[in-house]
Each structure stands twice: as C-alpha cells, then as structure tokens.
Engineer: 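One structure coming up, written as structure tokens, with questions to follow.
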Amino acid sequence: MKIIKEANYEALSKKSAEIIRAQVSENPASVLGLATGSTPTGTYEELVRMYKQGAVDFAKVSAFNLDEYFPIKKSSDQSYDYFMKQQFFRHVNVAKTFIPNGEAPDYAAECENYEKQVAESGGIDLQLLGIGNNGHIGFNEPNDYFPAATHYVMLDESTIKANARFFANESDVPRHAITMGIRTIFKAKKILLLASGAGKAEIVKQMVSGKITPQNPSSILQLHPDVTIIVDNDAGRLL
Ligand code: GLP
C-alpha cells in the first residue's frame, strides 16, 4: 500500500484528481470505478475544473459506480445516480456511465447484470474508493465473510446513521443497497482510496495495519498489489 499524506482536504482532492487525470491521459479509453459519499466531491470538482480547462478528456472513458441504494428512484436527490449526475457527469464528457439501477424490478437480476457489465468492459483500470466509519468499501458491510460479486446488501445500523445526514429523517434512509462485491473491486488494476477527517483515523489505521478480516472489509486491500491511499493530516494521524 502506498500512503500519501496531504495537509488538508483540498490538497487531498487535488492529488486524487491528478492521479485520475494521469490515468486518463495515459489510457484515454480507461475504465474508471467511481465512488460517492462526501469524500470524493472535491476530487470531482477538481476534475470538472481540469476538464473545463482542457487538461483532461473523458470522451473515451467508461465509468462504473460502486453502489446504489435499493430501492430508490433515480430522480431522488439522495440517489447515487442523482449525486453522480450533479457532481460530475453533467459537467464532463464521460462516454459511458453505469450505476446499479435502484429502480430495477428484480434486484438479483440487476446484481447479475451489473457484474456482467463490469466484466464486459474489460475490467476496471482505476477504482476510486472512500471508506465508511465501519470499514465498508462500496456498501460491503462488516460481515463474517467477504461477498465476492455484486450483491444486494442490508445496510448496517451504523451506515444508516452515518448516511442519515443526507436525508430528511433517519427513517428515510433505504435499508438496502446494491454494491460491487469485494472480488469486483479487487479485480481493478489500481485502487485509489481517499479518507479525510479525524473520524476516519482509527478505521484507516485498522485498514492499513490491522487484522485482515471481513469484520473490516477495507482490510482486504492490504492484499491488493496496487493500492494508493490518500489521507489528510486528520485521517492519517494514527499512521
Ligand atoms: C457511503 C458509500 C461509500 C462511501 C462511504 C463514506 O455509504 N456507499 O462508498 O465511501 O459511505 O462516505 P463519506 O465519504 O461521506 O464519509
């Protein structure tokens, strides 16, 4: 694992966007894996800025998002579909975008279909990740095994509480989601994980040097051959 420490969130976002820009410049037809949450918003902002300046071109890029609540209307402003459009896709020229369908009639079929689409793309070149307070990546929640493929998941109580800030009430947070599995994520050639703020310091330490256990899904990243972690001073203070 390569660890990069930046002084603050702004510097972290710039560094992360620069890594993604370099990836797309090296391979204009890159397949990117993208993430939601508050942590990557600065990265998207920076990438939009770069795009508007002509420093990056996504015309041949495909993008696969990690996860989506289920069920949820795409038009709901809490859906990850809506988030990605607002934060990124409507500002840039990404050729093909994929997000698990929170409106699918059959979640099991949607999981299978999503996994197939990722495989058919030729595989993810660079996967961007955040990390949940409980160590989740995507919506791979603490469990007694590592779920391999894209799957339907019941969200942890702690995740529902953490994500309630995006909803009017905690009771409005969907209880389920569709997420890429650990194998889906692990097949990415490169992984770029971002963590910001003091609240992530302990889980970041566990991810980097704790026991590899499905109780902390992020810990499996210790075994991936090409992981870069960018932390700000607060999130990296226990490293
Ligand atoms: C969400 C997403 C994750 C994200 C995490 C952290 O629930 N499913 O992909 O990494 O929570 O979010 P934040 O960046 O807001 O701390």
Side-chain angles (χ1 to χ4, degrees), residues 6 8-10 12-13 15-17 20 32-46 63-72 76-84 86-88 98-102 111 114 118 124 126-143 147 150-167 170 172-182 184-186 188 191-204 206-207 216-221 227-232 234-236:
E6 295 289 347
N8 52 41
Y9 179 69
E10 199 191 338
L12 170 153
S13 301
K15 185 73 190 174
S16 149
I20 296 170
L32 300 179
L34 298 179
T36 51
S38 46
T39 313
T41 55
T43 301
Y44 294 135
E45 229 173 83
E46 189 61 21
F64 284 88
N65 264 78
L66 281 165
D67 50 12
E68 176 62 286
Y69 292 112
F70 195 94
I72 197 158
S76 152
D77 53 8
Q78 283 85 25
S79 80
Y80 287 167
D81 198 281
Y82 184 88
F83 173 100
M84 288 308 298
Q86 292 301 315
Q87 301 281 332
F88 194 43
F98 300 83
I99 302 181
N101 181 4
C111 292
Y114 202 69
V118 174
I124 292 167
L126 175 65
Q127 174 68 57
L128 180 64
L129 293 177
I131 181 169
N133 298 321
N134 62 2
H136 74 214
I137 48 177
F139 270 134
N140 288 277
E141 298 283 33
N143 206 328
T150 300
H151 60 285
Y152 178 68
V153 63
M154 186 157 96
L155 299 180
D156 240 35
E157 253 335 289
S158 67
T159 299
I160 291 167
K161 280 198 178 3
N163 289 6
R165 68 189 193 278
F166 299 112
F167 293 79
E170 193 177 310
D172 294 340
V173 184
R175 268 36 193 174
H176 295 88
I178 291 177
T179 180
M180 283 186 194
I182 294 293
T184 330
I185 295 171
F186 233 69
I191 291 178
L192 174 62
L193 184 142
L194 312 178
S196 166
K200 296 280 171 72
E202 181 57 36
I203 195 66
V204 164
Q206 291 307 319
M207 163 176 67
N216 172 11
S218 68
S219 62
I220 193 86
L221 297 176
V227 178
T228 301
I229 295 167
I230 314 180
V231 288
D232 58 14
D234 289 342

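In each ligand, atom 1 is the first atom listed, and ligand 1 is the first ligand listed. Values in this document were obtained by computation on a predicted structure and should not be read as measured data.
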Engineer: Write out each pair where an N or O from ligand 1 and one from the protein are under 3.5 Å apart, with the distance.
Structural biologist:
{"from": "ligand 1", "atom 1": "7 (O)", "to": "His136", "atom 2": "NE2", "distance (Å)": "3.4"}
{"from": "ligand 1", "atom 1": "7 (O)", "to": "Asn163", "atom 2": "ND2", "distance (Å)": "2.9"}
{"from": "ligand 1", "atom 1": "8 (N)", "to": "Asp67", "atom 2": "OD2", "distance (Å)": "2.8"}
{"from": "ligand 1", "atom 1": "8 (N)", "to": "Gly138", "atom 2": "O", "distance (Å)": "3.3"}
{"from": "ligand 1", "atom 1": "10 (O)", "to": "Ile131", "atom 2": "N", "distance (Å)": "3.4"}
{"from": "ligand 1", "atom 1": "11 (O)", "to": "His136", "atom 2": "NE2", "distance (Å)": "3.2"}
{"from": "ligand 1", "atom 1": "14 (O)", "to": "Ser38", "atom 2": "N", "distance (Å)": "3.3"}
{"from": "ligand 1", "atom 1": "14 (O)", "to": "Thr39", "atom 2": "N", "distance (Å)": "3.0"}
{"from": "ligand 1", "atom 1": "14 (O)", "to": "Thr39", "atom 2": "OG1", "distance (Å)": "2.5"}
{"from": "ligand 1", "atom 1": "15 (O)", "to": "Ser38", "atom 2": "N", "distance (Å)": "2.8"}
{"from": "ligand 1", "atom 1": "15 (O)", "to": "Ser38", "atom 2": "OG", "distance (Å)": "2.6"}
{"from": "ligand 1", "atom 1": "15 (O)", "to": "Arg165", "atom 2": "NH2", "distance (Å)": "2.7"}
{"from": "ligand 1", "atom 1": "16 (O)", "to": "Lys200", "atom 2": "NZ", "distance (Å)": "2.6"}

Engineer: Less than 3.5 Å apart, any donor N or O on the side chain of Thr41 or Tyr9 sitting next to an acceptor on the other?
Structural biologist: yes
Engineer: Go through the structure and list residues passing side chain to side chain donor-acceptor pair (under 3.5 Å) with Asp232, not counting sequence neighbours.
Structural biologist: Ser196
Engineer: What I want to check is whether the side chains of Glu141 and Thr159 have a donor and an acceptor closer together than 3.5 Å.
Structural biologist: yes
Engineer: Under 6.0 Å between ring centres, would you say that holds for Phe70 and Phe139?
Structural biologist: no
Engineer: Above 12 or not: heavy atoms from other molecules or residues under 6.0 Å from CD of Glu170?
Structural biologist: yes
Engineer: Would you check if Tyr44 and Leu128 make a side-chain contact, meaning some heavy-atom pair closer than 4.5 Å?
Structural biologist: yes
